[in-house]
Amino acid sequence: ANSQWLVLSMVPRRKAQELCAQPPQCWHTAQPDHYLSCSILQMDVSGFTSMSSGVGSEELVVLLNVLFNTVDLAAEAIGKVWKVELIGDCYRALVGGPFPCNDHAVRATAL
């Protein structure tokens with residue numbers, strides 16, 4: 001059950017369902033998805049390191065939470081965006097990947 005929760009939180013739902021239909025010891029045999037055309041989006045907060053040294057940790061967490069929740073809402077409104085990961089002040093997403101679309105570059109730049 002814990003491994004299924006982890007998979008569901010890390011990969012698109014369709015791929016997670018495919019993986020979870022097999023025992024975890026077989027997951028290494030899963031084939032990657034292939035996308036003919038998509039955009040990879042990486043956003044980084046400019047000046048984050050210097051900014052973060054001047055605020056407390058709680059304030060910093062609140063700031064990043066507000067920022068990334070705003071980006072998540074925009075991504076949901078734009079559609080066809082899959083958030084891949086958050087690392088520190090970096091937001092990574094795939095546009096037009098698990099949710100194919102011809103205007104993936106336009107959608108990515110709209111974020």
Side-chain angles (χ1 to χ4, degrees):
N2 285 339
S3 59
Q4 289 182 348
W5 174 85
L6 183 61
V7 169
L8 285 168
S9 70
M10 293 177 60
V11 299
R13 181 167 299 282
R14 185 179 50 78
K15 182 57 84 172
Q17 290 170 338
E18 178 185 318
L19 289 171
C20 291
Q22 305 174 18
Q25 61 269 25
C26 296
W27 288 356
H28 70 280
T29 63
Q31 295 298 307
D33 289 339
H34 177 78
Y35 307 112
L36 294 176
S37 184
C38 63
S39 295
I40 298 170
L41 176 69
Q42 179 168 317
M43 290 185 274
D44 195 60
V45 178
S46 179
F48 177 77
T49 302
S50 61
M51 179 192 68
S52 64
S53 65
V55 298
S57 58
E58 288 182 20
E59 185 179 352
L60 190 60
V61 168
V62 168
L63 174 69
L64 288 174
N65 192 39
V66 168
L67 174 66
F68 291 140
N69 281 334
T70 302
V71 175
D72 284 342
L73 289 172
E76 188 174 315
I78 290 167
K80 309 289 185 179
V81 178
W82 179 58
K83 178 172 64 175
V84 176
E85 66 183 346
L86 293 174
I87 298 178
D89 67 318
C90 181
Y91 186 102
R92 292 187 182 135
L94 181 62
V95 186
F99 318 107
C101 59
N102 293 329
D103 62 345
H104 54 85
V106 171
R107 291 171 188 260
T109 57
L111 280 173

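Just so you know, these numbers come straight off a predicted model, no measurement behind them. All residue numbers refer to positions in the sequence shown, counting from 1.
Other residues, nucleotides and ligands place no more than 12 heavy atoms under 6.0 Å from the CD1 atom of Ile40.
Note on Phe99: it does not cluster hydrophobically with Leu111, by side-chain heavy-atom contacts below 4.5 Å among ILVMFWY residues. Residues Tyr35 and Val95 do not share a hydrophobic cluster, clusters being chains of Ile/Leu/Val/Met/Phe/Trp/Tyr side chains in contact below 4.5 Å. A continuous path of hydrophobic side-chain contacts links Leu67 to Met51 [ILVMFWY only; heavy atoms under 4.5 Å].
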**OP:** Show your working on side-chain contact (heavy atoms from CB on, under 4.5 Å) between Val55 and Leu63 and close with a plain yes or no.
**Re:** CA-CA 10 Å; Val55 298; Leu63 174 69; over 6 Å; no
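Sequence neighbours left out, not one pair with a member in residues 62-71 passes salt bridge (Lys or Arg N to Asp or Glu O under 4.0 Å). Annotation: salt bridge (Lys or Arg N to Asp or Glu O under 4.0 Å) contacts involving residues 51-61, sequence neighbours excluded, are absent. Each salt bridge (Lys or Arg N to Asp or Glu O under 4.0 Å) pair with one or both residues in residues 37-53, not counting sequence neighbours, would appear here, but there are none. Judged as a salt bridge (Lys or Arg N to Asp or Glu O under 4.0 Å), not a single pair has a partner in residues 19-30 (not counting sequence neighbours).
Looking at residues two or more places apart in sequence or on another chain, you find no side-chain hydrogen bond (donor to acceptor under 3.5 Å, both in side chains) involving Asn102. With sequence neighbours excluded, the residues satisfying side-chain contact (heavy atoms from CB on, under 4.5 Å) with Val106 are Asp103. Partners of Tyr91 according to the side-chain contact (heavy atoms from CB on, under 4.5 Å) rule, which considers only residues two or more places apart in sequence or in another chain, are Met43, Phe68, Val71, Asp72, Ala75, Lys83, Leu86, Ala93. Evaluation of the side-chain contact (heavy atoms from CB on, under 4.5 Å) rule for Ser52 yields Phe48, Leu60 as partners, not counting sequence neighbours. Not counting sequence neighbours, the partners of Glu85 by the side-chain contact (heavy atoms from CB on, under 4.5 Å) test are Ile87, Arg92.
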Which atom pairs, one a donor and one an acceptor, fall under 3.5 Å between side chains of residues 12-19 and the rest of the protein, sequence neighbours left out?
| from | atom 1 | to | atom 2 | distance (Å) |
| --- | --- | --- | --- | --- |
| Arg14 | NH2 | Asp33 | OD2 | 3.1 |
| Lys15 | NZ | Glu18 | OE2 | 3.2 |
| Lys15 | NZ | Gln31 | O | 2.5 |
| Lys15 | NZ | Asp33 | OD1 | 3.3 |

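For the pair Gly79 and Arg107, the tightest heavy-atom approach, listed with the atom from each and the gap, is O-NH1, 3.2 Å. When every heavy atom of Leu41 is checked against every heavy atom of Ala108, the shortest pair comes out as CD1-O, 3.9 Å. Nearest heavy atom pair, residue His104 against residue Ser37, reads NE2-OG, 2.6 Å. Nearest heavy atoms, Cys101 versus Lys80: SG-CB, 3.8 Å.
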